[in-house]
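Any value given below was found using the heavy atoms of this structure, including those in side chains, with hydrogens, waters and symmetry copies removed. Position 1 is the first residue of the sequence; numbering continues from there. First listed ligand is number 1; within each ligand, the first listed atom is number 1.
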Amino acid sequence: MELRLEELTKRYGEKEALSHFSYTFENGIYGILGANGAGKSTMMNLITDNVKRDGGTILFDGTEILKLGDAFRAVLGYMPQQQGLYEGMTAESFLAYMARLKRIPGREIRGEIKRVLELTNLKDVRHGKIGSFSGGMKQRVLLAQAMLGEPKVLILDEPTAGLDPKERVRLRNYIYELSQNRIVLLATHIVSDIEAIANDILLLKKGKLIHHGSPRELIDSLPPDQRPLLGYFSLEDVYLHYLEDDEV
Ligand SMILES: Nc1ncnc2c1ncn2[C@@H]1O[C@H](COP(=O)(O)OP(=O)(O)OP(=O)(O)O)[C@@H](O)[C@H]1O
Ligand SMILES: [Mg+2]
């Protein structure tokens, strides 16, 4: 399986939110790191076709996703960064609604909802209204809907924002488990979320891909005269070295 982005570009007025971005994703977890405004969500919104691109191509196993249309959406799971909709629905009814939107066959919907509620530890609150949930619970509902239908391509935009450490670790382990035969893109500001699980990390700055590599490769690329934050070099140092001076 392969998701190939070529020369992908998105402009807002004069500004290039994403600029000639090229990268090929294969099975595995990809961490997308960048400061606020670097273009992470823009890249994800282009893949999910929530935003129209100004240039470039996105090929899924060699075919343009715009041509695949519904066939691509059927293999795609997307957890958006923003929450807020459907506050009046219960968790379960929201998931049922999303499952129908995703065209999951009727006889599979009940089982799928049960599965994702268990994965995100929401089973006990499934009849509660989303509007009454804490921020972290809402976040898990968003994640649960992204998992419906076992998507082959999973796009997670800051999935752990607002989660407490226990849920964050749970989620990280789960994402790792599920990444085996899937493409997972994970945007985050929390370096420790991806340090242990990402095969490759992409560093985005002002809409451009400035560097990428495994956590080890990135750490080894640091200049020897840089002083580690802790007693040793970590991905935090990589972030500070490559991205610290980024300004929106
Ligand atoms: N709808 C929009 N209209 C105008 N400009 C936009 C729009 N969406 C994004 N931008 C701009 O595009 C750039 C990239 O934004 P994007 O949301 O992709 O960044 P990000 O890396 O996801 O940031 P964050 O870490 O804050 O989520 C920013 O300069 C932003 O202001
Ligand atoms: Mg974003």
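- Every atom of ligand 1 with a heavy atom of Ala38 under 4.0 Å away is listed here by number and element: 19 (O), 20 (P), 21 (O).
- Within the 4.0 Å heavy-atom cutoff, His189 counts among the residues contacting ligand 1.
- Atoms of ligand 1 found under 4.0 Å from any heavy atom of Lys15 (numbered from 1 in listed order, with element): 29 (O).
- Taking a 4.0 Å cut-off on heavy atoms, Lys10 fails to register as neighbouring ligand 1.
- The two residues Pro151 and Val75 come nearest to each other via the heavy atoms CB-O, 3.4 Å.
- Annotation: Tyr23 is in aromatic contact with Phe25 [ring centroid separation under 6.0 Å].
- Of all protein N, O or S atoms, those under 2.8 Å from the Mg ion (ligand 2) number 2.
- Salt bridge annotation for Asp157-Lys40: absent, with no cationic side-chain nitrogen under 4.0 angstrom from a carboxylate oxygen.
- Between Glu108 and Lys114 there is no salt bridge, since no side-chain nitrogen of the basic residue lies less than 4.0 Å from a carboxylate oxygen of the acidic one.
- Remark: Glu167 engages Arg140 in a salt bridge, criterion side-chain N to carboxylate O under 4.0 Å.
- Of the heavy atoms in Met43, none comes closer than 4.0 Å to ligand 1.
- Classified by interplanar angle (parallel below 30°, tilted 30° to 60°, perpendicular above 60°), the ring pair Phe94/Tyr86 is tilted.
- The ligand atoms of ligand 1 that sit less than 4.0 angstrom from a heavy atom of Ala35 are 21 (O), 25 (O).
- Under a 4.0 Å N-O distance rule, the pair Asp70/Arg103 qualifies as a salt bridge.
- The contact set between ligand 1 and Gln81, taken as ligand atoms under 4.0 Å from a residue heavy atom, comprises 27 (O).
- Leu156 and Val169 are assigned to two separate hydrophobic clusters, defined by single-linkage of ILVMFWY side chains at heavy-atom distances under 4.5 Å.
- In this structure, a donor-acceptor pair under 3.5 Å is present between the side chains of Asn45 and Tyr78.
- Near Ser41, with a cut-off below 4.0 Å to any heavy atom, the atoms of ligand 1 are 17 (O), 18 (O), 20 (P), 22 (O), 27 (O).
- Counting atoms of ligand 1 from 1 in the listed order, those under 4.0 Å from a heavy atom of Thr42 are 14 (C), 15 (O), 16 (P), 18 (O).
- Distances shorter than 4.0 angstrom do not occur between any heavy atom of Gly207 and any atom of ligand 1.
- Between Ala17 and ligand 1, no pair of N/O atoms sits closer than 3.5 Å.
- Judged purely by atom type and a 3.5 angstrom limit, Arg172 has no side-chain atom pairing as donor or acceptor with the backbone of Thr160.
- In this structure, NZ in Lys206 is found 13.5 Å from CD in Glu16, a value given to the nearest 0.5 Å.
- Between Gly34 and ligand 1 there is no heavy-atom distance shorter than 4.0 Å.
- For the atom pair CG of Asn121 and OH of Tyr174, the computed distance is 13.0 Å after rounding to the nearest 0.5 Å.
- With a 4.0 Å cut-off on non-hydrogen atoms, Ala187 does not touch ligand 1 at all.
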